[in-house]
Amino acid sequence: VHQRLALYAEPFAWSGKRKDEVLVMRSMIWSRLPGLYFRTLLAAFVHENRDWFNMKFVFGSDDASGFLPYGEIAAFRCAVLVPNDLTMASFVEAFAMGLPIFLPHNEWLYRLQKSVP
């Protein structure tokens, strides 16, 4: 068994320079109906709490090229990853950079796998 290390991502150490921005990492879920609902709810939450919640959620899948450079990823305050596949390399790459990552609980991941192919 070969463990993924993502050594190529280590030179891009997390800086957190974009302290008011949270990266929502690319995943197929954001183009599916449950992901679109979540995006709408998140936008409503941010709007309703704009007086005290100053974070901006940036969806990586919205980038025109579809990919963000590692240096740009490392600049975000943190990341949210809802993997459509539990073997996605993006988790290992973000982890190698030291980027704080928020993931759903195991049970929720399992339910997503079953309901969002």
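All of these numbers come straight from a predicted model, not from anything done at the bench.
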Those residues that, when tested against W14, pass ring-ring contact (aromatic ring centres under 6.0 Å, His included) (two or more places apart): none
Partners meeting ring-ring contact (aromatic ring centres under 6.0 Å, His included) with F38 (sequence neighbours left out): W30
Run the side-chain contact (heavy atoms from CB on, under 4.5 Å) test against [X] and tell me which residues pass, sequence neighbours left out.
X   : value
S31 : none
F95 : F91, I101
E48 : none

Can you confirm whether F45 is buried at CZ, in the sense that more than 12 heavy atoms of other residues, nucleotides or ligands lie under 6.0 Å from that atom? yes
Give me the other members of the hydrophobic cluster that L41 sits in, counting Ile, Leu, Val, Met, Phe, Trp and Tyr linked by side-chain heavy atoms under 4.5 Å, directly or via other members. none
Joining Ile, Leu, Val, Met, Phe, Trp and Tyr whenever any side-chain heavy atoms lie under 4.5 Å apart, the cluster holding L36 also takes in none
What pairs with Y8 under side-chain hydrogen bond (donor to acceptor under 3.5 Å, both in side chains), at least two apart in sequence or on another chain? E93
So, using side-chain hydrogen bond (donor to acceptor under 3.5 Å, both in side chains) as the criterion, who are the partners of H105 when residues are at least two apart? none
What pairs meet the salt bridge (Lys or Arg N to Asp or Glu O under 4.0 Å) rule with one or both residues in residues 35-47, with sequence neighbours excluded? R39-D62
Between [X] and [Y], which heavy-atom pair has the shortest distance, and what is it?
X    : Y    : result
A13  : A74  : O-CB, 3.5 Å
L103 : P83  : CD2-CD, 4.3 Å
L81  : P104 : O-CD, 3.2 Å
S15  : A75  : OG-CA, 3.5 Å
A6   : A96  : O-CB, 3.6 Å

Among all residues two or more places apart in sequence or in another chain, which pass the salt bridge (charged side-chain N to carboxylate O under 4.0 Å, His left out) test with R18? E21, E72
Hey, what do you get for CZ (R26) to CG (L68), rounding to the nearest 0.5 Å? 8.5 Å
Result block: side-chain N/O donor-acceptor pairs under 3.5 angstrom for residues 50-59, not counting sequence neighbours:
from: R50; atom 1: NH1; to: H47; atom 2: O; distance (Å): 2.4
from: R50; atom 1: NH1; to: H47; atom 2: NE2; distance (Å): 3.3
from: W52; atom 1: NE1; to: N49; atom 2: OD1; distance (Å): 3.1

